There are 2 protein chains.
Amino acid sequence: MLPLLDGGPVERSDAARNREALLAAAEELVHERCGVQGVTMDAVAARAGVGKGTVYRRFESREGLMAALLNRSETAWQQSVLSGPPPLGPGAPPLERLLAFGHSRMETNLLHGDLIQAAGQSGSRAYAAVSFVAMHVRYLLTELGVRGDVPILATALLAPLEIVILQQQTHIEQVPLERIRRGWDDLVRRVVSVDVVAP
Amino acid sequence: MLPLLDGGPVERSDAARNREALLAAAEELVHERCGVQGVTMDAVAARAGVGKGTVYRRFESREGLMAALLNRSETAWQQSVLSGPPPLGPGAPPLERLLAFGHSRMETNLLHGDLIQAAGQSGSRAYAAVSFVAMHVRYLLTELGVRGDVPILATALLAPLEIVILQQQTHIEQVPLERIRRGWDDLVRRVVSVDVVAP
DNA sequence: ATAGAAAGCGGACTGCGGTCCGTTTAGCCT
DNA sequence: AGGCTAAACGGACCGCAGTCCGCTTTCTAT
């Protein structure tokens with residue numbers, strides 16, 4: 001029982017195989033059925049060639065499965081933030097990085113909208129990427145010399161990028177994406193400039 | 001078929017009676033079962049003494065029913081914003097009103113958290129109160145002489161008050177309510193002061 | 001008052017998320 | 001190798017949201 005990166009006792013080989021099979025099956029079905037809705041747990045289990053109980057043993061719930069799917073595609077994005085080319089990656093001045101970060105996050109969220117929604121609590125708020133995102137914004141705000149309650153300000157800047165807000169604006173209020181983006185840039189500059197201008 | 005406040009053809013008397021009975025039954029069950037979850041559509045129908053089909057005819061879906069419940073309790077709150085005592089109601093300077101508004105909204109959202117979640121899209125974003133809230137913040141920002149894209153800024157100020165954000169902060173990150181409140185006040189002042197200080 | 005039509009009603013029925021528990025299998029230790 | 005144990009497996013089963021369609025009630029026009 002050598003602990004591997006903490007995850008407790010090692011996963012048994014059949015369990016690992018099934019996890020992969022299930023994730024692959026889920027991805028296939030999402031592409032096949034052209035969307036997340038309509039992908040049933042029974043279908044995923046059948047496609048992976050396992051029983052339904054196995055799906056729930058591995059992923060706890062439908063939301064859990066969706067969150068796992070989400071985490072897969074988030075990893076690449078996180079890499080480009082941590083070590084990709086500027087201005088998203090390191091190298092650019094903090095304000096530019098923050099703005100690039102916001103734009104990129106906005107696009108990503110919109111792109112995976114359905115998946116994020118299907119992942120529910122486990123997805124839009126508690127999945128691993130959230131703490132990463134919050135951490136990064138806090139870091140950039142600190143770099144910018146922002147005074148005040150940085151964690152709370154970071155949350156405030158991230159909130160308008162949440163999928164529920166974005167979908168309300170784009171789908172229901174028909175606000176053009178470009179305008180939302182400019183609006184966020186403006187918000188950031190307002191929040192940041194208070195300290196930068198008067199240090 | 002005299003139209004009454006637009007709603008199309010008038011509602012038949014039995015339909016109106018059943019709507020009331022269903023809302024009352026739902027309210028009772030929410031109190032009885034100490035929460036929104038666990039209140040099933042079958043139970044609501046049974047308590048109201050009607051068939052399940054009737055519930056869906058009147059409220060479209062579970063979310064719709066919850067949204068209707070929500071609207072009931074929102075009405076009183078809207079009144080206190082429109083014509084209650086200051087600083088929430090009219091009479092106080094705009095900044096004070098805006099801050100009072102945020103605090104009150106925060107409390108309301110937290111109080112009805114479960115209901116808002118159960119109302120889903122129909123609840124957290126599309127129910128009547130949302131446009132009211134957005135409208136009011138836009139109005140106050142205009143009064144404050146804020147330049148820029150006021151509708152987008154209003155959305156940005158409201159986003160951190162959304163239930164998903166608030167619950168993440170209070171339930172998961174264990175942030176004290178007082179700190180969230182101060183953080184929002186700070187956000188508002190930063191957003192607003194840019195124009196107020198330099199007009 | 002009455003008849004016709006539209007709206008409303010009800011409850012059996014379906015599909016899916018989630019659970020349960022008897023059976024199987026992998027990994028370890030002798 | 002062989003057996004022992006904990007983990008994993010599978011699919012029958014359950015509860016609830018949502019649908020469907022034949023029956024009933026209300027309203028209106030005569």
Side-chain angles (χ1 to χ4, degrees), chain A residues 1-4 7-23 25-26 29-30 33 35-69 114-115 117-123, chain B residues 1-4 7-23 25-26 29-30 33 35-69 114-115 117-123:
Chain A
M1 63 151 82
L2 41 140
L4 178 64
V10 207
E11 190 169 69
R12 236 169 69 174
S13 64
D14 52 347
R17 207 184 325 120
N18 282 338
R19 148 174 290 118
E20 279 312 305
L22 284 166
L23 284 173
L29 283 172
V30 167
R33 311 270 249 260
V36 168
Q37 74 182 58
V39 174
T40 73
M41 297 303 265
D42 288 272
V44 173
R47 170 66 64 103
V50 303
K52 199 154 93 165
T54 303
V55 189
Y56 282 91
R57 168 168 296 275
R58 286 278 81 75
F59 297 103
E60 186 75 1
S61 66
R62 179 189 165 84
E63 296 195 352
L65 175 60
M66 296 306 176
L69 237 45
D114 288 351
L115 201 53
Q117 300 248 276
Q121 288 290 308
S122 320
Chain B
M1 67 150 82
L2 40 141
L4 178 64
V10 205
E11 189 168 69
R12 238 168 67 173
S13 65
D14 53 346
R17 208 184 324 119
N18 283 337
R19 147 174 290 120
E20 278 312 304
L22 285 166
L23 284 174
L29 283 173
V30 168
R33 312 271 248 259
V36 168
Q37 75 181 59
V39 174
T40 72
M41 297 302 266
D42 287 273
V44 173
R47 171 65 66 101
V50 303
K52 199 154 91 165
T54 304
V55 189
Y56 282 90
R57 168 167 295 275
R58 285 279 81 75
F59 297 103
E60 185 76 1
S61 66
R62 180 189 165 83
E63 296 195 353
L65 175 61
M66 297 307 177
L69 236 44
D114 288 351
L115 201 53
Q117 301 247 276
Q121 287 290 308
S122 320

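As the structure is a computational prediction, the values presented were derived from the model and not from experiment. Throughout, protein chains are lettered first and strands after them, A, B, ... in sequence-line order, and every chain is numbered starting at 1.
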Next on the checklist: For C:dG8 and B:Asn18 - does any side-chain N or O of the residue sit under 4.0 Å from the phosphate oxygens OP1/OP2?
Outcome noted: no

Checklist entry - Taking for each residue the nucleotide of DNA chain C bearing the nearest heavy atom, is the 5' side occupied by A:Arg57 or by A:Asp42? => result A:Asp42

Next on the checklist: Does A:Arg62 reach a base, just sugar-phosphate, or nothing at all? Heavy atoms under 4.0 Å.
Outcome noted: sugar-phosphate

Checklist entry - B:Ser13 side chain N/O closer than 4.0 Å to the phosphate oxygens (OP1, OP2) of D:dT26? => result no

Next on the checklist: Other residues, nucleotides and ligands only: do more than 12 of their heavy atoms fall within 6.0 Å of CD on B:Glu20?
Outcome noted: yes

Item to check | Distance below 4.0 Å between B:Thr54 side-chain N/O and C:dG8 OP1 or OP2 | outcome: no

Item to check | Spacing of B:Lys52 atom NZ relative to D:dG15 atom C1', expressed in whole Å | outcome: 10 Å

Checklist outcome for this item: Atom CZ of B:Arg19 and atom P of C:dC9 are separated, to the nearest Å, by 10 Å

Checklist entry - Which comes earlier along DNA chain C counting from the 5' end, the contact point of B:Ala16 or that of A:Thr40, where each point is its nearest nucleotide? => result B:Ala16

Item to check | Pair B:Glu11 + B:Arg58: basic N to acidic O under 4.0 Å | outcome: yes

Checklist entry - For B:Arg58 and C:dC9, is the shortest distance between a side-chain N/O and OP1 or OP2 below 4.0 Å? => result yes

Checklist entry - To the nearest 0.5 Å, how far apart are CZ in B:Arg19 and CZ in B:Phe59? => result 5.5 Å

Item to check | Set of residues satisfying side-chain hydrogen bond (donor to acceptor under 3.5 Å, both in side chains) with respect to B:Arg12, sequence neighbours excluded | outcome: B:Asp14

Under 3.5 Å between N/O atoms: give me all the protein pairs with nucleotides 22-24 of chain C, atom names plus distance.
none

Next on the checklist: One pair to check against side-chain contact (heavy atoms from CB on, under 4.5 Å): B:Val44 and B:Lys52. What are the steps and the verdict?
Outcome noted: CA-CA 8 Å; B:Val44 173; B:Lys52 199 154 91 165; over 6 Å; no

Next on the checklist: Using a heavy-atom cut-off of 4.0 Å across all strands, would you classify A:Arg17 as base, sugar-phosphate, or nothing?
Outcome noted: nothing

Checklist entry - What's the spacing between A:Arg33 CZ and A:Thr40 OG1 if we round to 0.5 Å? => result 6.0 Å

Next on the checklist: For A:Gln37 and A:Asp114: C-alpha separation, side-chain torsions, deciding distance, then whether side-chain contact (heavy atoms from CB on, under 4.5 Å) applies.
Outcome noted: CA-CA 8 Å; A:Gln37 74 182 58; A:Asp114 288 351; 5.8 Å; no

Checklist entry - Whole Å only: how far is the CG atom of B:Asp14 from the P atom of C:dA6? => result 17 Å

